Amino acid sequence: MSVAASGAAAPLAPPRHGARRVRAGVWLPLAFLAAGLGYPLFLLVANAFNVGDPQALPPTEYGSANFVSLLEHLDWIGNTLLVSISATILAMAIGIVLAWILYRTTVPGQRVFEVLIAIPYPLGPLVGALAWSALGSPREGLLNQLFTGLTGIAEPLFNIYSVPGIIFVMAIFEAPVAVLMIGAAMQHMDSALEESSTVFGAGKLRTALRVTLPLMLPAILSAALFLFTSMMGAFAIPTMLGTNARFYVATTAIYVMFQSYPPNYPLAAAIGVVLVAITALAVWLSARVLKSRTHAIIFGRNYRPRRLNMRGWTPVLLAFECAYVLVSLVLPLGVLLLASLQKSGGLSWMLSDWTLNNFHYVLIDFPTTRQAIGNSLLLGIGTGTLGVAVATTIAWMVHRSQSAGRQLLEQATMLPQAFPRLIFAFGFMWMVMSLPIRLYGTLYAVLLAYIIVFLPLAYRGMSGVVVQIDRSLEEAARISGAHWGRMMRTVTLPLLRAGLLANWVLLFMISVREVSASLFLSGPGTQVLGPAIFSFWDSGGLPRVSALAVVQAVIILIALAVVRRLARARPGL
């Protein structure tokens with residue numbers, strides 16, 4: 001059967017003996033998402049209106065006093081919107097330019113820069129905040145010291161403990177997501193429209209602004225929505241870089257209320273409800289914009305997108321790529337490695353001031369960090385395995401089954417993307433505390449939270465792989481008499497192997513570096529790397545917290561290297 005014929009074929013209907021499995025495959029994930037997402041949201045809203053005992057679950061007295069009190073702290077919401085919108089705009093600008101350079105121009109080094117540009121995202125904002133605090137601190141920052149040493153000027157070159165500093169660090173560590181999402185659309189765009197623009201006399205820059213960008217609007221809005229939601233719930237960067245400047249965002253306020261005695265859960269919940277409402281509004285506006293226009297960019301013929309020869313602009317664009325890699329990867333990892341080797345809190349280039357004792361301390365001597373490393377590895381393995389299994393099941397049911405509810409299942413799967421992770425973790429904490437079984441403070445609670453918050457990302461990856469498998473291969477297995485289970489085991493899963501591995505590694509990496517989703521859920525005996533690094537930053541000193549951050553970065557880089565090696569061994573990966 002040809003590809004064209006298979007594309008026009010009617011959807012494959014499951015056989016009768018597999019109908020129950022198919023229906024269960026749709027409704028069981030729906031039930032899981034309804035419980036894991038709907039109940040925490042209900043508890044969050046209920047506690048936001050709690051005016052009685054703040055510890056009561058569920059509340060016994062309701063009112064609007066918490067929202068009235070929130071009116072006295074509108075600066076928290078204003079600061080959140082300021083950094084979220086500004087960082088999203090900056091990250092999108094960086095991401096659009098990098099994606100255009102990588103996938104629409106002949107600037108050399110595409111394969112190398114694809115990898116280098118992608119690395120900052122799995123390293124995570126916590127590593128970024130820690131690294132840039134060592135680079136851009138007004139007095140002790142490495143870059144400011146070098147500037148003073150070279151120029152003799154006592155005033156610092158820049159202050160990373162400021163609103164522009166927070167926006168800058170948030171943007172450069174989230175920009176790879178925009179590159180990935182927009183770049184995927186650019187690679188599949190028919191270049192005929194760009195060529196027509198060039199024929200009519202438009203230059204390369206005008207063509208990019210008037211033709212390429214409008215055609216990329218769906219991908220741009222999707223990426224912007226993802227980044228905005230992520231930044232609304234950002235915790236590590238605003239907290240670590242904004243505390244010295246007394247600049248507080250909503251997530252910082254929620255954390256302070258949670259840690260205070262007695263904790264003010266209702267007011268924290270009210271802030272969370274406001275953030276969820278803002279992100280829901282952003283999702284609605286994005287859907288309205290996309291619904292009102294047509295954005296077809298892929299047509300039914302074979303083509304190879306023609307890249308633009310930038311000629312004299314090539315060195316400038318190459319320099320832009322190098323500058324991004326420098327500020328997002330080389331400088332942060334370099335300064336963390338340097339700081340982790342120091343005997344004292346300062347940064348010295350003298351070998352006599354270097355030591356490996358900090359690594360010995362965090363890996364062997366200190367039980368909390370040693371346990372956090374082990375727990376993070378377990379969570380990474382568990383999240384990758386269960387998350388990919390759930391995402392693969394959902395992707396197959398959505399794109400292969402004819403069961404009622406599959407569209408609802410797809411929409412429910414993407415819902416966690418619209419909730420800031422810290423806010424979700426706050427509601428999820430109440431859910432596990434209200435259960436009759438003890439989950440709070442265990443790794444199982446963190447694992448469940450990770451699976452839910454990372455499910456949209458895993459589903460995106462597996463959905464893209466499932467739709468690429470020709471239905472005729474599964475039809476051939478059915479005609480040969482294979483039942484549903486054997487078909488999945490012998491045909492579908494082997495064809496999905498490359499996508500399964502790639503998405504497993506992605507979930508492993510982002511779960512190892514996650515902070516917000518585990519901040520309220522990990523207990524004293526179940527520390528994980530993200531919250532451990534954050535706690536260590538507050539009490540352990542720069543050399544030791546840098547050593548722990550380097551260990552986390554090495555784990556992530558090893559995982560990335562493994563999947564790249566397998567990709568070379570198996571071209572389909």
Side-chain angles (χ1 to χ4, degrees), residues 29-30 33-34 36-45 48 77-78 80-92 95-96 170-171 174-175 177-178 180-182 184-185 214 216-235 249-251 254 269-295 391 394-395 398 405-428 449 451-461 463-464 510 516-517:
L30 266 177
L33 288 170
L37 190 63
Y39 190 41
L41 179 61
F42 165 76
L43 291 175
L44 183 72
V45 174
I77 306 298
T80 303
L81 290 173
L82 172 63
V83 298
S84 299
I85 295 173
S86 302
T88 298
I89 293 173
L90 180 57
M92 288 300 300
I96 290 170
M170 288 175 66
E174 294 288 347
V177 177
L180 178 65
M181 297 177 71
I182 298 171
M216 291 294 103
L217 186 58
I220 290 173
L221 284 179
S222 296
L225 181 62
F226 183 91
L227 292 182
F228 177 75
T229 304
S230 177
M231 292 174 181
M232 283 286 288
F235 171 76
V249 297
T251 52
I254 290 174
I271 300 174
V273 168
V274 171
L275 293 189
V276 170
I278 293 173
T279 55
L281 178 61
V283 172
W284 180 79
L285 290 175
S286 176
R288 290 277 296 181
V289 171
L290 292 177
K291 187 178 180 180
S292 63
R293 298 181 60 179
T294 299
H295 306 279
I394 293 175
V398 168
R406 64 186 188 280
Q407 293 181 344
L408 178 61
L409 174 60
E410 183 175 32
Q411 295 170 356
T413 302
M414 298 306 297
L415 268 181
Q417 182 179 314
F419 291 87
R421 290 176 186 172
L422 187 79
I423 308 305
F424 168 77
F426 199 37
F428 196 82
I451 292 172
I452 294 173
V453 299
F454 297 142
L455 189 57
L457 192 61
Y459 171 74
R460 279 182 183 273
S463 180
I510 61 176
S516 300

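This one's a predicted model, so the numbers in the text were calculated from it and none came from an experiment. Just the heavy atoms: all of them, side chains too, but no hydrogens, waters or symmetry mates, feed the values below.
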How many angstroms lie between atom CG of Leu43 and atom CZ of Phe428, to the nearest 0.5 angstrom? 11.0 Å
All pairs passing salt bridge (Lys or Arg N to Asp or Glu O under 4.0 Å) where residues 408-421 contributes a residue, at least two apart: Arg421-Glu514
Flag the pair Met414 / Leu455 as yes when at least one side-chain heavy-atom distance between them is below 4.5 Å, and no otherwise. no
Please report the shortest heavy-atom distance between Gly95 and Ala178, naming the atom on each side. CA-CB, 4.0 Å
What distance do Thr88 atom OG1 and Met232 atom CE have between them, rounded to the nearest 0.5 Å? 9.5 Å
The criterion is side chain to side chain contact (heavy atoms under 4.5 Å, CB included); which residues satisfy it with Leu225, sequence neighbours excluded? Thr229, Ala282, Val283, Ser286
About how many Å separate CD1 of Ile96 and CD1 of Ile220, when rounded to the nearest 0.5 Å? 4.0 Å
Leu37 and its side chain to side chain contact (heavy atoms under 4.5 Å, CB included) partner, picked from Leu415, Val453, Thr413: Leu415
Determine all donor-acceptor pairs shorter than 3.5 Å in which one atom belongs to a side chain in residues 269-278; sequence neighbours excluded.
none

When every non-hydrogen atom of Ala425 is compared with those of Ser516, the smallest separation belongs to CB-O, 3.6 Å
Can you check whether Met92 reaches Ile182 side chain to side chain, under 4.5 Å on heavy atoms? yes
Atom CD1 in Ile85, atom OG1 in Thr80: separation rounded to 0.5 Å? 10.5 Å
In terms of heavy-atom contacts, Tyr459 and Ala391 come closest through N-CB, 3.8 Å
Interatomic distance, OG1@Thr251 vs CG@Leu422, rounded to 0.5 Å, equals 6.0 Å
In short, Ala175 meets Ala91 closest at the heavy-atom pair CB-O, 3.8 Å
Heavy-atom closest pair, residues Ala250 and Ile77: CB-CD1, 4.4 Å
